[in-house]
Amino acid sequence: MMNRIYLDANAGAPLLPEVREAVIAALGEASNPSSIHAEGRRARALVENARAVIAAAVGAKAENVTFTSGATEAAALALSPRLIAGRDIVTAGRLYVGATEHPCVLSGGRFPASRVTKVPVTRSGAIDLNALESLLQRNDSADGPPYLALMLANNETGVIHVVADAARLVKAHGGFVFCDAVQGLGRIPVDIGALGVDFLSLTAHKLGGPQGVGALILADEALRPEPLMAGGGQERRRRPGTENVIAIVGFSVAARQAVDHLSDMGRIADLRAGLERQILATSPEAKIVGSGSERLANTTMFAVPGVSGETAVIAFDLEGIAVSAGSACSSGKVAGSHVLEAMGEPAEISRSGVRVSLTRAATAADIEAFATAWRAIHSRMRQSRAA
Ligand code: PLP
C-alpha cells in the first residue's frame, strides 16, 4: 500500500499509541462505575481519575466536568435557554452565535430559531466585537439575559477568537457564555477561568483519543444547563446514562498528551509557514484564508479561485495525502463553506477551500510531499483548464 500522509488533524487525529495502550488495559476493567462492588469501584476510579485530568487540562474543578458522547452533545446540552442557577431557573432570552461556529452550535441547541442571532465576523474571520456590543445593547432584557456561543478557534480556518474579550462584553450585560474549545486544546493554552466563560466543550477525537466521547465543563457548579435527557443520576444529574469508561480513559490520556506537548506548536508553526510559502510559490493566485488573524499553528485553509475544494481533495487523496475541503457536497451540488461565506468571500473562493491541518507528528518530509503533490495537481488543473 502507498505510504499515506495524514494532514487532516482538525477532522480527527489518529489514535495515539499511549491512548491505545490505556484503552486496552481498561477493557479488562470496565464494570458499571455506579455499582458499589469492587469491580464497580475500580471502574469509578478510572472515571474519576480521568475527570481530574480533563479538569486540569482546562483549569477547572474535577466535579465540574460532565462526560458526554462528544462535542455535539456537549453543545446541545449547554445551549439550553433554561439554566439552573443554584435553586433557581434562569431563562436566557436570546442566543447569539458566532457566524463561523460549527454546525452543532450554529443550530442553536434548544433555543427556537426565532431566538438565535448570528454575530458577524470580520473579513479576516475574527468575531466582530463592535457588532456584538451593538447587538447586546439592542438585546431586550425583558426577554431574559443574553447568551453567547463563541468558539475558541475555527475548525476550517484555524482563526482564534478573542473569547475573553467577548465574554467580558456579555458579562457586562448580565449574560452567559458557552465556548466550543474543541480545536483549541493542545494547540493554545485553554483555561476556563481566563476565558471568563460559563461552559466549555471538548472532544477526544481531535486530540488522538477515541471518537464518541467528550465533555461539557462548567466554570461553577452553581450554574448549569437543564439536562438534555431524562434517566439515571449519573454525572451529578447533569447527563444520565452509564459512563463510557473505556472511552473516557482514552480521552484523559489524549488530553494529558495534548497539554504536555503544547510546546510542539512552535515547531508546527515553522512547518506551517513553509507549507504556505510552498503553496504560494506554486499558485500565487491562491488565497490563504484568515491569514490576517491570529490562527492555530497547525491549520492552513487555502483557496484557488474557481478550483473546487472537493476536486482538489480527491486529487490529493489519489496522491496519498489526506486533507479536507472547507465546503461540503450535498445532493451533487458543492455548497460553499459557511465559514468562508461569513468572512465575505465570493462563491468562487467559498467553494474552493482546501484545509491542511497538521498533527503534532507532522514532519518536514510531509510538507515536502504535500508541496510536490500540489505542484503536480496544480499543473494538471492548469493544463485541463487551458485545453
Ligand atoms: N466543534 C468543532 C469546532 C469541531 O471541529 C467538531 C468536530 O467536527 C465538533 C464541534 C463536533 O465534535 P463531535 O464530533 O465530538 O461531536
Side-chain angles (χ1 to χ4, degrees), residues 6-15 19 54 57-58 65-79 95 97-109 119 121 125-127 148-161 163 177-188 190 195 197 199-217 228-229 239 241 243-244 247-248 250-252 254-255 258 289-290 293 295-296 298-301 313 322-328 337-340 342-343 353 355-359:
Y6 189 80
L7 305 177
D8 201 14
N10 293 12
L15 203 75
V19 172
I54 301 292
V58 298
V65 173
T66 306
F67 289 113
T68 64
S69 64
T72 298
E73 186 194 325
L77 174 57
L79 298 180
L95 178 67
V97 293
T100 59
E101 294 297 299
H102 187 274
C104 69
V105 171
L106 214 51
S107 62
V119 185
V121 296
I127 192 76
L148 173 71
L150 181 61
M151 67 200 331
L152 187 50
N154 184 266
N155 45 307
E156 292 190 19
T157 60
V159 167
I160 299 168
H161 289 298
V163 173
V177 186
F178 163 68
C179 177
D180 169 344
V182 161
Q183 298 289 349
L185 193 65
R187 295 171 185 161
I188 52 175
V190 181
L195 289 171
V197 303
F199 313 122
L200 185 140
S201 63
L202 298 174
T203 194
H205 71 112
K206 310 292 182 186
L207 311 171
Q211 290 145 349
V213 63
L216 181 69
I217 298 148
L228 198 51
M229 298 180 281
R239 199 275 190 179
E243 292 90 343
N244 186 347
I248 287 170
F251 180 16
S252 70
V289 181
S293 281
R295 287 178 297 154
L296 297 175
N298 79 317
T299 308
T300 291
M301 159 76 85
V313 166
V323 292
S324 272
S327 56
S337 148
H338 77 281
V339 174
L340 272 56
M343 292 167 71
R355 178 185 68 189
V356 186
S357 52
L358 310 180
T359 67

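Whatever order the structure lists them in is the order used to number ligands and atoms, beginning at 1.
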Verdict with supporting geometry, V182 and H102, side-chain contact (heavy atoms from CB on, under 4.5 Å):
CA-CA 10 Å; V182 161; H102 187 274; over 6 Å; no

Going by the rule salt bridge (Lys or Arg N to Asp or Glu O under 4.0 Å), which residues pair with R355 if we only count those two or more places apart in sequence or in a different chain?
D8

Checking the N or O distance criterion of under 3.5 Å, is ligand 1 in contact with S69?
no

Would you find a donor on one side and an acceptor on the other, under 3.5 Å apart, between the side chain of H205 and the backbone of G214?
no

At a non-hydrogen distance cut-off of under 4.0 Å, which region of Q183 contacts ligand 1 (side chain, backbone, both, or neither)?
side chain

Could you tell me the residue and atom name of the protein heavy atom closest to atom 4 (C) of ligand 1, and the distance to it rounded to 0.1 Å?
H102 CD2, 3.3 Å

Taking only residues two or more places apart in sequence or in another chain, which ones pass salt bridge (Lys or Arg N to Asp or Glu O under 4.0 Å) with E73?
R239

Going by the atom numbers of ligand 1, which of them fall below 4.0 Å from some non-hydrogen atom of G70?
15 (O)

Numbered atoms and elements of ligand 1 in range of H205, under 4.0 angstrom, heavy atoms
13 (P), 14 (O), 15 (O)

The closest protein heavy-atom partner of atom 15 (O) of ligand 1 is T203 OG1, 2.6 Å

Testing the 3.5 Å rule here: is there a donor-acceptor pair between the side chains of N10 and T299?
yes

Hey, which atoms in ligand 1 end up nearer than 4.0 Å to a heavy atom of C104?
10 (C)

Distance-only polar pair, side chains of D180 and N155, donor-acceptor under 3.5 Å:
no

Under 4.0 Å from one or more heavy atoms of M151, ligand 1 contributes atoms 3 (C)

Side-chain heavy-atom pair T203, V213 within 4.5 angstrom cut-off:
no

Shortest protein heavy-atom distance from atom 7 (C) of ligand 1, along with the residue and atom involved
K206 NZ, 2.7 Å

Nearest non-hydrogen protein atom to atom 13 (P) of ligand 1, with distance, is A71 N, 3.6 Å

For atom 1 (N) of ligand 1, which protein heavy atom lies nearest, and how many Å away is it?
D180 OD2, 2.6 Å

So, do L152 and L195 sit near enough that their side-chain heavy atoms are less than 4.5 Å apart?
yes

Once you restrict to heavy atoms under 4.0 Å, what part of S201 touches ligand 1? Side chain, backbone, both or neither.
neither

Within the 4.5 Å heavy-atom criterion, are F251 and L207 side-chain neighbours or not?
yes

Given that the side chain starts at C-beta and the backbone is N, CA, C, O, which of these parts of T72 lies under 4.0 Å from ligand 1, counting heavy atoms, or is it both or neither?
both

